[in-house]
Amino acid sequence: MQKEHPAIRALFQPHNMGKGAALRRGIQEATGEFVVIQDADLEYDPAEYPLLLEPLIDGKADVVYGSRFMGGRPHRVLYFWHSVGNWLLTLFSNALTDLNLTDMETCYKVFRREIIQSIRLEENRFGFEPEVTVKIAKRRLRVYEVGISYSGRTYEEGKKSDGKMAFARSGAWSNSR
């Protein structure tokens, strides 16, 4: 892919260090104006980047969350208890941060590069979402949320869930930088 698109740089970790560690590395290496978090499984459609970037380009936002639960975008219907867990994690996060998000656990988050690079991130696993949410709320950044489509996978297709860890760690980040 790098041969076809020279602007793309592939970064490799010495071993699997977790999602949070991979995101920290990518964020550290970013040089563009904005940083888009995109999971490799393509449950989220890269064709929606313009939708996510619009509030940033218009100067209205510092951070944009793509929400699977607002707007009229199509999404695959999957697991009831997964959605309940997501709702509880988002509710807990909103209570800690005084934000009013509909989907804190979304993969799709877009940041002004200088802002995300200035936040000290520590989580190595799937706790990136609550950690970054707490830390952007503490900075009182301008957060927007836009409706996105979602093509979720089943557990048989490789879906992972680490909600218990994210829930447990959320409280710890509320006391950190």
Side-chain angles (χ1 to χ4, degrees), residues 16 18-24 26-27 35-49 51-56 61-111 116 119 121-176:
N16 184 348
K19 176 182 176 173
L23 288 173
R24 277 198 319 274
I27 290 165
V35 174
V36 178
I37 306 297
Q38 167 76 56
D39 281 356
D41 61 13
L42 296 179
E43 288 183 331
Y44 301 85
D45 186 355
E48 294 180 345
Y49 287 174
L51 180 68
L52 292 159
L53 288 165
E54 186 177 327
L56 293 157
D62 300 308
V63 179
V64 176
Y65 280 51
S67 173
R68 297 166 285 181
F69 308 119
M70 64 180 289
R73 303 269 183 200
H75 67 276
R76 182 175 180 183
V77 174
L78 284 175
Y79 303 111
F80 171 76
W81 290 112
H82 190 264
S83 66
V84 169
N86 184 303
W87 181 82
L88 286 170
L89 286 167
T90 298
L91 177 67
F92 185 63
S93 173
N94 286 344
L96 283 175
T97 62
D98 199 27
L99 294 176
N100 190 24
L101 294 168
T102 64
D103 192 7
M104 179 273 299
E105 283 287 316
T106 183
C107 155
Y108 258 177
K109 293 176 177 65
V110 186
F111 306 87
I116 190 62
I119 296 173
L121 298 169
E122 304 167 36
E123 182 59 42
N124 285 330
R125 298 193 61 209
F126 285 91
F128 170 82
E129 281 77 18
E131 177 187 19
V132 77
T133 301
V134 165
K135 291 178 177 180
I136 65 171
K138 283 186 160 203
R139 292 179 178 219
R140 300 201 180 277
L141 298 171
R142 298 172 300 161
V143 180
Y144 267 59
E145 200 173 31
V146 298
I148 58 167
S149 62
Y150 178 66
S151 181
R153 296 179 297 154
T154 64
Y155 293 115
E156 294 77 20
E157 294 170 320
K159 180 74 178 164
K160 292 183 174 68
S161 179
D162 202 2
K164 289 180 276 190
M165 178 64 76
F167 188 76
R169 294 291 309 250
S170 295
W173 295 309
S174 68
N175 296 323
S176 67

How long is the gap from [atom1] on [X] to [atom2] on [Y], to the nearest 0.5 Å?
X: Ser67; Y: Tyr150; atom1: OG; atom2: OH; value: 12.0 Å
X: Ile27; Y: Ile119; atom1: CD1; atom2: CD1; value: 8.5 Å
X: Lys109; Y: Glu129; atom1: NZ; atom2: CD; value: 4.0 Å
X: Trp87; Y: Trp81; atom1: CH2; atom2: CH2; value: 11.5 Å
X: Asp98; Y: Lys138; atom1: CG; atom2: NZ; value: 13.5 Å

Just by distance, do the side chain of [X] and the backbone of [Y] share a donor-acceptor pair under 3.5 Å?
X: Tyr144; Y: Leu56; answer: no
X: Asp103; Y: Phe69; answer: no
X: Gln38; Y: Tyr44; answer: yes
X: Asp39; Y: Asp41; answer: no
X: Lys19; Y: Gly127; answer: no
X: Glu145; Y: Thr102; answer: yes
X: Glu48; Y: Ile148; answer: no
X: Thr106; Y: Gly66; answer: yes

Check whether any side-chain heavy atom of [X] sits under 4.5 Å from a side-chain heavy atom of [Y], and report yes or no.
X: Pro46; Y: Tyr108; value: yes
X: Val132; Y: Ile116; value: yes
X: His82; Y: Glu105; value: no

Problem set entry | Trace of the side-chain contact (heavy atoms from CB on, under 4.5 Å) decision for Leu121 with Phe128 | CA-CA 8 Å; Leu121 298 169; Phe128 170 82; 3.7 Å; yes

Problem set entry | Candidate pair Leu53 and Val64, rule side-chain contact (heavy atoms from CB on, under 4.5 Å), full reasoning | CA-CA 8 Å; Leu53 288 165; Val64 176; over 6 Å; no

Problem set entry | Nearest atoms (heavy-atom pairs only) where Asp45 meets Ser149 |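 Heavy atoms of Asp45 and Ser149 come nearest at CB-OG, 4.0 Å.
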
For this session: Grab the two heavy atoms, one from Thr97 and one from Ala137, that are nearest each other, plus how far apart they are.
Result: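 Shortest heavy-atom contact: CB-CB, 3.5 Å.
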
For this session: Start with the C-alpha distance between Asn124 and Arg24, add both sets of side-chain angles, then the distance that settles side-chain contact (heavy atoms from CB on, under 4.5 Å), and finish with yes or no.
Result: CA-CA 8 Å; Asn124 285 330; Arg24 277 198 319 274; 2.7 Å; yes

Problem set entry | Test side chain to side chain donor-acceptor pair (under 3.5 Å) applied to Ser93 and Thr133, step by step | CA-CA 8 Å; Ser93 173; Thr133 301; 4.8 Å; no

Exercise. Where do Val143 and Leu101 land on the side-chain contact (heavy atoms from CB on, under 4.5 Å) test, with the steps shown first?
Worked result: CA-CA 9 Å; Val143 180; Leu101 294 168; 4.2 Å; yes

Exercise. Among side-chain atoms of Asn86 and Thr90, is any donor-acceptor pair under 3.5 angstrom?
Worked result: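 A pair is found: one side chain offers a donor N or O, the other an acceptor, under 3.5 Å apart.
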
